[in-house]
Amino acid sequence: MNAIFLGPPGAGKGTQAERISAEHDLAHLATGNLLRTAARQRTPMGLEAKRFMDAGDLVPDETLFGIVQEQIDAIGDRGVIFDGFPRNIAQAERLTSMMDEVGRQIDAAVLFVLEEDEAVRRISGRRQCSTCGHTFHVEFAPPPPGPTCVRGTCEIIQRDDDREEVVRDRQRVFREQTEPLVAFYEERGLLRRIDAQRPADDVTEHILAVLLDPA
Ligand code: AMP
């Protein structure tokens, strides 16, 4: 099973991908997490990417394709959840050819549907471990007391691009650049819609039903 999780920022793609990949032994390829790690490590690519991320813009395709290719090559026999990739038509086309090259195909594109105001509300409460990328929410999944994450000594932070003014830009970028992927995957018979407004456990159940019976 190779699936794409598609949807606006704050829809819960990362939370669901983290859960489902852990429980079903799938690789979780989250381009946002990879870029944040590179930015934290201050690699030339990471520093370049951070300028775009802080402004809520997409990182240029060519910067990303290298890291996505590396990750696909490293997946082995497992299935994969693509979280936050592709985000425009050029990336979707490139993903199709990268998967072809390794004899794989995308089985489903799961579209997380929710109101923009609800997405913004969720993001404002979001917190993240700066090292492992695990996400918390001050209301729905509170982080442990103190500044460190459950998995170690890492720090719990609010992402720079989760500030409200940047979030609105990210929503606009989603509408303009990523939403055309809905038609792209619909035409290929791969699109599956999920009501992402429901509680997280219901969303997980719905996604699993869709992935296990993608036809
Ligand atoms: P995310 O963690 O998926 O919300 O991504 C955070 C930020 O990383 C985005 O706002 C973009 O700046 C950048 N980013 C992540 N994935 C991509 C992608 N597929 N294409 C371009 N930029 C991306």
Side-chain angles (χ1 to χ4, degrees), residues 2-19 21 27-41 43 45-72 80-99 106 109-112 114 116 118-137 156-182 184-185 196:
N2 304 306
I4 292 166
F5 283 6
L6 195 62
K13 302 182 299 294
T15 304
Q16 295 294 338
E18 192 179 328
R19 261 188 197 195
S21 60
H28 174 193
L29 200 164
T31 41
N33 289 349
L34 293 168
L35 292 169
R36 277 185 290 281
T37 301
R40 217 172 32 251
Q41 292 169 344
T43 67
M45 187 277 275
L47 293 176
E48 161 81 358
K50 189 166 167 27
R51 289 196 297 123
F52 294 92
M53 295 166 80
D54 285 351
D57 289 331
L58 294 189
V59 172
D61 294 345
E62 291 306 326
T63 309
L64 268 174
F65 289 153
I67 51 173
V68 173
Q69 181 75 60
E70 269 171 30
Q71 297 286 318
I72 289 178
V80 55
I81 297 175
F82 291 95
D83 162 12
F85 184 90
R87 258 177 155 100
N88 60 29
I89 297 283
Q91 293 183 8
E93 286 171 345
R94 185 65 169 259
L95 178 60
T96 305
S97 49
M98 285 194 276
M99 295 293 274
I106 298 296
V110 179
L111 176 65
F112 288 55
L114 92 167
E116 184 167 323
E118 171 65 11
V120 173
R121 196 173 73 82
R122 287 186 186 182
I123 289 183
S124 65
R126 180 157 77 180
R127 299 292 180 270
Q128 189 165 40
C129 168
S130 66
T131 306
C132 70
H134 184 75
T135 48
F136 302 92
H137 191 281
I156 292 170
I157 54 159
Q158 180 170 37
R159 279 167 46 175
D160 288 341
D161 60 348
D162 276 356
R163 284 172 294 122
E164 181 159 350
E165 63 278 17
V166 184
V167 170
R168 294 284 177 191
D169 282 337
R170 288 164 61 203
Q171 300 284 356
R172 182 182 46 74
V173 167
F174 173 77
R175 284 195 300 275
E176 292 174 1
Q177 302 197 45
T178 309
E179 233 164 34
L181 294 182
V182 173
F184 181 94
Y185 287 112

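As the structure lists them, so they are numbered: ligands from 1, and atoms in each ligand from 1.
Listed for the Thr63 side chain is no donor-acceptor partner under 3.5 Å among the backbone atoms of Val59. Using modelled atom types, one side-chain atom of Gln171 and one backbone atom of Pro9 make a donor-acceptor pair closer than 3.5 Å. Remark: side-chain polar atoms of Ser21 are not paired, donor with acceptor, to backbone N or O of His28 under 3.5 angstrom.
Counting heavy atoms only, Arg87 comes closest to atom 5 (O) of ligand 1 of the residues Gln91, Arg87, Arg170, Met53.
Residue contact check for ligand 1: Lys13 places no non-hydrogen atom closer than 4.0 Å to it.
Short contacts between ligand 1 and Arg36, defined as distances under 4.0 Å to a heavy atom of the residue, involve ligand atoms 2 (O), 6 (C). Taking a cut-off of under 4.0 Å to the non-hydrogen atoms of Thr31, the atoms of ligand 1 that pass are 15 (C), 16 (N), 17 (C), 19 (N).
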For this session: Output, in order, the C-alpha distance, side-chain angles, deciding distance and verdict of salt bridge (Lys or Arg N to Asp or Glu O under 4.0 Å) for Asp160 and Lys50.
Result: CA-CA 10 Å; Asp160 288 341; Lys50 189 166 167 27; 3.0 Å; yes

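The local environment of CD in Glu165 is crowded, with over 12 non-hydrogen atoms from other residues, nucleotides or ligands closer than 6.0 Å.
Among protein heavy atoms, the minimum distance from atom 22 (N) of ligand 1 is reached at Val59 N, 3.0 Å. With hydrogens left out, the protein atom closest to atom 14 (N) of ligand 1 is Leu35 CD1, 3.5 Å, a heavy atom. When hydrogens are left out, the protein atom nearest atom 12 (O) of ligand 1 is Asp57 O, 2.6 Å; that is the closest non-hydrogen contact.
Looking at Asp83 against ligand 1, nothing comes within 4.0 Å, counting heavy atoms. Contacts of Asn33 with ligand 1, taken as heavy-atom pairs under 4.0 Å, are absent altogether. Neither the backbone nor the side chain of Gln177 comes within contact range of ligand 1; no heavy atom lies under 4.0 Å.
Taking any N or O of Leu64, backbone or side chain, none lies under 3.5 Å from an N or O belonging to ligand 1.
A salt bridge links Asp162 to Arg170: one of the charged nitrogens lies within less than 4.0 Å of a carboxylate oxygen.
Side-chain atoms of Glu18 and His134 include a donor-acceptor pair closer than 3.5 Å.
Under the 4.5 Å side-chain criterion, counting only non-hydrogen atoms from C-beta, Met99 is in contact with Phe82.
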